[in-house]
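Reading through the structure tokens given below for one structure.
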There are 2 protein chains.
Amino acid sequence: MATMMSNALVGVPEVTAFLGAATPPEWVSEALKQPDILLLDHANCELKAASTALSLMFRYPRHSKLVYRMSRLAREELRHFEQVRALMEKRGTAERPLTASRYAAGLRKLVRKTEPDAIVDMLIIGAFIEARSAERFAVLAPKLDAELGRFYAGLLAAEARHFEQYLDLAVEYHAGSEAELEQRIELYRNAEAALCCDPDPQFRFHSGMPVMQEGHQAR
Amino acid sequence: MATMMSNALVGVPEVTAFLGAATPPEWVSEALKQPDILLLDHANCELKAASTALSLMFRYPRHSKLVYRMSRLAREELRHFEQVRALMEKRGTAERPLTASRYAAGLRKLVRKTEPDAIVDMLIIGAFIEARSAERFAVLAPKLDAELGRFYAGLLAAEARHFEQYLDLAVEYHAGSEAELEQRIELYRNAEAALCCDPDPQFRFHSGMPVMQEGHQAR
């Protein structure tokens, strides 16, 4: 899958090389069956990405490089949020409450408690979330209708850039050896791949292998 | 003071007419003595304004007009935040922790618990914070050095616009009579004027009448 995408879309080779597993084709099929949930959850993800960036700014105000990057990243995610909401309105997708997927919480429970371990872990998580988002936009874009496909292909480059920025910050604030950092990345790589590939009864933008029951779609 | 400013700066007449009291000249004198605290607290205020906008978006996702406005407002506040941080760096103002003023907490404790009263109260508070910010930028701008004065005069128009947007949303989501809304605005007008004019041992962007003791500046 990585090879298939790498020639088509900028930024995707780096992203797929970073991830521990490709998105299961079954997730893609499910996404095409649930375009409303996909858009609704995508809007939530953009808003949460902005909110996470702000929480890092509040928590680490003296980390100047992080502060500027997160501020610009939050502004970009908010612009994407507005674009998703506009698309939702155009398509008649009504806003409604949607529970979060297990994904971000599943990654965050691995964050170490002391500094600078905590910040490094959170930045690694940021890198994986952005990388996975880019990878899913890449597999979805060619299968969606023209309007949504174009939109997702456009977002992909931004997410791939955010992935690199998060990873660069993790390298910047990491205090130990390179091997130690690699080890942390590997730990998150495996956890993230499992969250995206293991059976998951709930369909969301970052959910795992769909195991829906007819008429019993978890909302 | 309103008359003095109204001819000089766009958006200020509406703002001063809305506020229950002008900023005490003693606050302005104190601000000129504490440019570092002013910048540091100003940066915090911009970030908090963005964060408050996001929290409203999370809380009222179906209020489409609010959601779009808050998203754009948050983006603008973040851009201001970046500009204040850049000015701080240029001027050698080191980032350091600063406790919040009594101002926002003092207003928020008046927020009613049930909807739509709660949202209307929060939007009225937003309007007052933006109005007061614009008013203080207006009184400060002519007394600061050229660089900071130009910057604050530039922010003023944005804050005055945000004030109008918050007020417009309060009108939009208010369910009762116009008189009832006016009554709530009057309640916040008095509370806000007191917070900005009553003795306040701590100097901040939104603090009250300075009552500093020599060598005992509350940080």
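A donor-acceptor contact shorter than 3.5 Å is absent between the side chain of Tyr103(B) and the backbone of Arg204(B).
Figure legend: cation-pi geometry between Arg189(B) and Phe128(B) absent, as NZ or CZ is not positioned both under 6.0 Å from the six-membered ring centre and within 45° of its axis.
Interface remark: Glu89(A) contributes side-chain atoms only to the contact with chain B (heavy atom separation under 4.5 Å). Neither the backbone nor the side chain of Ser55(A) has a heavy atom closer than 4.5 Å to any heavy atom of chain B.
Across Ala94(A), Ala50(A), Pro61(A), Ser51(A), the residue that shares the most heavy-atom pairs under 4.5 angstrom with chain B is Pro61(A). With respect to chain B, the highest number of heavy-atom pairs below 4.5 Å among Ala74(A), Ala86(A), Ala43(A) belongs to Ala86(A).
Salt bridge present: Arg91(A) and Asp145(A) bring a charged side-chain N and a carboxylate O closer than 4.0 Å.
The neighbour count for Lys65(B) NZ, taken as heavy atoms of other residues, nucleotides or ligands under 6.0 Å away, is above 12.
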